K.L.:
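I have a structure I would like to understand better, so I am pasting it below and will then ask my questions one at a time.
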2 protein chains.
Amino acid sequence: MAPISIAPSARNGDVENNPCSACPVRDLTVCGALEETELSKMSEIVRTRRVGAHRTIFSEGEDADSVFNVTSGTVKLYKLLPDGRRQITGFLFTGDYIGLSMHERYAYTAETVTPTSLCHFPRRQMDALLKEFPKLQQRLFSMASNELEAAQDQMLLLGRKTAKEKVASFLLGLSWRLSRRGQKENPVPVPMSRSDIADYLGLTTETVSRTFTALKSQGVIRLLEGNKVDLVDCRRLEDVAEGG
Amino acid sequence: MAPISIAPSARNGDVENNPCSACPVRDLTVCGALEETELSKMSEIVRTRRVGAHRTIFSEGEDADSVFNVTSGTVKLYKLLPDGRRQITGFLFTGDYIGLSMHERYAYTAETVTPTSLCHFPRRQMDALLKEFPKLQQRLFSMASNELEAAQDQMLLLGRKTAKEKVASFLLGLSWRLSRRGQKENPVPVPMSRSDIADYLGLTTETVSRTFTALKSQGVIRLLEGNKVDLVDCRRLEDVAEGG
DNA sequence: CGATATCTTGAGGAATCTCAATACTAGTGG
DNA sequence: CCACTAGTATTGAGATTCCTCAAGATATCG
């Protein structure tokens with residue numbers, strides 16, 4: 001799959017009435033499906049929002065009447081069991097869309113990991129746009145398709161991989177998503193806490209920490225300043241991730 | 001063999017040229033999105049197939065040039081690690097569609113659990129139909145959306161539930177899917193082997209077996225003839241499934 | 001610079017896995 | 001109709017990974 005070019009577009013739409021036309025991450029996301037002129041329809045219903053770190057965007061069980069686009073920052077989605085056990089089902093980055101698996105009520109909570117910029121769309125109006133622009137619908141289906149494949153990979157990870165394989169896969173996944181967005185894929189910024197990583201991988205924070213230490217002392221990774229991880233030996237990390 | 005001409009019934013349309021219009025499970029599946037007249041387009045590209053139990057429909061890594069509809073029977077989808085560890089990502093029943101998460105190559109293997117009837121569609125032609133009928137695209141998106149939500153539930157199960165909670169959730173899931181298809185939801189036929197269940201729940205066959213035994217001796221379920229399970233105390237099973 | 005949260009490390013325990021033996025079941029052929 | 005076989009399921013005992021609980025180290029933030 002070819003990485004999407006993030007070349008900052010010097011597009012000259014009517015920025016006043018059509019801010020979306022100047023959006024630098026447009027091609028990464030659902031909006032990339034539309035032409036300049038069609039984009040104005042999105043501009044009409046979008047509301048941009050900046051949110052600090054560790055804020056709840058919406059909670060599991062609430063009426064699902066908004067969908068979102070992440071234009072910068074990191075968001076986590078999670079589900080809870082009654083006793084508080086938590087499973088993070090995904091981390092979202094620039095260009096990711098919140099609202100692919102949508103029913104009456106949100107089936108998960110969305111919370112920012114870092115300060116985040118969001119495009120907020122009323123769901124009803126977005127649904128109307130989908131009807132109006134089959135291209136948009138198509139793009140959304142394609143994104144859902146990708147998500148589904150990622151979810152299947154994650155099931156394999158959760159059900160069958162060891163702690164070491166899980167952590168290795170996690171780091172490679174972060175790196176891969178960076179490169180898809182056209183960013184440098186190494187070293188990898190890891191903005192989420194050990195506890196978040198644990199709840200994403202079906203482990204405890206302690207096990208995640210121990211596993212990082214183990215990978216570090218084997219020379220496969222290095223922990224850098226600012227929560228970055230240097231994938232020293234990518235090839236070996238890949239072997240570890242697949243149980244080799 | 002020469003086709004036998006049958007007078008088309010007003011109810012069912014021209015069954016000869018449009019067999020899909022007579023399909024009894026149409027409304028359960030993607031085809032339910034189309035009108036009688038539009039259905040003929042599907043009829044033109046469909047090829048029905050009956051397959052015995054334990055047969056491979058396609059394998060992970062093969063060129064993904066077909067999509068399928070399950071019209072009867074049970075299918076399992078799975079991914080493998082290099083050393084043979086297996087994760088079953090889903091079981092498919094009547095009405096389920098194979099081809100929601102689709103790229104160049106199949107990302108998983110599809111294998112029948114029981115004798116199965118399939119509708120086979122060339123992928124290119126199905127893609128053309130999706131472009132022609134946005135309703136179809138919409139339906140497929142809606143199905144992908146459901147799948148995605150199910151996948152998230154499964155991640156919670158795999159990452160955070162105990163063996164007992166997993167097995168209870170599994171049985172309730174089977175029962176729930178029966179009722180969605182309008183069938184009796186109890187007792188639940190369990191056509192797949194312990195080993196399949198284990199690979200679906202991230203457990204071993206032994207643990208699955210022990211857990212069935214435990215639930216049985218607690219009077220929550222009963223094992224009946226013909227691989228059926230009687231959910232004696234559904235309420236309690238639900239509590240068990242959520243860690244209550 | 002102190003307070004607080006996060007991360008790391010250690011020791012012991014528990015759930016689940018592995019290995020092994022036995023029981024059951026379905027299909028086959030006498 | 002029964003015995004035989006091969007696959008599948010159950011049960012048992014011991015091993016192992018990962019979890020729990022606890023303490024100390026490091027980082028973060030006002």
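Values in this document were obtained by computation on a predicted structure and should not be read as measured data. Naming: A, B, ... by sequence-line order, numbering from 1 per chain.
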K.L.:
To the nearest Å, give me how far apart NZ (K216(B)) and P (dA9(D)) are.
P.N.:
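Rounded to whole Å, this separation is 13 Å.
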
K.L.:
dT18(C), dC19(D), dT28(D): which one has an atom nearest the side-chain heavy atoms of L203(A)?
P.N.:
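So the side chain of L203(A) is nearest to dC19(D).
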
K.L.:
Rounded to whole Å, how long is the line connecting atom CG of L201(B) with atom C1' of dC17(C)?
P.N.:
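From L201(B) CG to dC17(C) C1': 15 Å.
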
K.L.:
Figure out the CZ/P separation between R160(B) and dA15(C), and round it to whole Å.
P.N.:
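So the CZ-P distance, R160(B) to dA15(C), works out to 16 Å.
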
K.L.:
Reckon R210(B) has a side-chain N or O less than 4.0 Å from the OP1 or OP2 of dT10(D)?
P.N.:
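Checking R210(B) against dT10(D): no side-chain N or O falls below 4.0 Å of OP1 or OP2.
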
K.L.:
Which nucleotide, dA9(D), dT16(C), dG10(C), lies nearest any side-chain atom of S193(B)?
P.N.:
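My answer, after comparing the listed nucleotides, is dA9(D).
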
K.L.:
Looking for any heavy atom pair under 4.0 Å, which part of the strands does G226(B) touch: base, sugar-phosphate only, or nothing?
P.N.:
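No contact at all - G226(B) keeps every heavy atom at 4.0 Å or more from the nucleic acid.
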
K.L.:
With a 4.0 Å cut-off on heavy atoms, is S209(A) in touch with a base, just the backbone sugar-phosphate, or nothing at all?
P.N.:
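Counting heavy atoms under 4.0 Å across all strands, the contact made by S209(A) includes a base.
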
K.L.:
Rounded to whole angstroms, how far apart are NZ on K166(B) and C1' on dA15(C)?
P.N.:
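Checked: the NZ to C1' distance equals 11 Å.
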
K.L.:
Is it true that, when you exclude H103(A) itself, more than 12 heavy atoms of the residues, nucleotides or ligands shown sit nearer than 6.0 Å to its NE2?
P.N.:
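Yes.
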
K.L.:
In whole Å, what is the span from the CG atom of D199(A) to the P atom of dT6(C)?
P.N.:
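It works out to 13 Å between those atoms.
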
K.L.:
Once you round it to whole Å, what is the distance between P of dC7(C) and CG of N227(A)?
P.N.:
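These atoms are roughly 8 Å apart.
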
K.L.:
Below 4.0 angstrom from OP1 or OP2 of dC18(D), is there any side-chain N or O of T207(A)?
P.N.:
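No.
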
K.L.:
Heavy-atom count around R180(B) CZ within 6.0 Å, excluding the residue itself: above 12?
P.N.:
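Open.
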
K.L.:
Answer with yes or no whether the side chains of R123(A) and S66(A) bring together a donor and an acceptor at under 3.5 Å.
P.N.:
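Judged by distance alone, the side chains do not pair up.
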
K.L.:
What is the distance from CG of L223(B) to C1' of dT8(D), rounded to the nearest Å?
P.N.:
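Spelled out: CG on L223(B) to C1' on dT8(D) is 14 Å.
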
K.L.:
N69(A) side chain to C119(A) main-chain N or O, any donor-acceptor pair under 3.5 Å?
P.N.:
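Here the side-chain-to-backbone pair does not exist.
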
K.L.:
Quick one: is the NZ or CZ of R194(A) closer than 6.0 Å to the six-membered ring centre of F212(A), and within 45° of its axis?
P.N.:
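Flagged: R194(A) positioned over aromatic ring of F212(A).
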
K.L.:
Any side-chain N or O of T204(B) less than 4.0 Å from the OP1 or OP2 oxygen of dT16(C)?
P.N.:
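So the side-chain polar atoms of T204(B) never come under 4.0 Å of the phosphate oxygens OP1 or OP2 of dT16(C).
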
K.L.:
What about E206(A): does its side chain form a donor-acceptor pair under 3.5 Å with the base of dC7(C)?
P.N.:
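No pair found.
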
K.L.:
Taking only the side-chain heavy atoms of T162(B) (C-beta and beyond), determine which of dC19(D), dG12(D), dT16(C) contains the nearest atom.
P.N.:
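Of the candidates, dT16(C) comes closest.
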
K.L.:
Looking at the side chain of T213(B), which of dT20(D), dT10(D), dT18(C) is the nearest nucleotide?
P.N.:
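Among the listed nucleotides, the one closest to the side chain of T213(B) is dT10(D).
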
K.L.:
Mind calculating the distance between CZ (F212(B)) and P (dT10(D)) to the nearest angstrom?
P.N.:
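Checked: the CZ to P distance equals 8 Å.
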
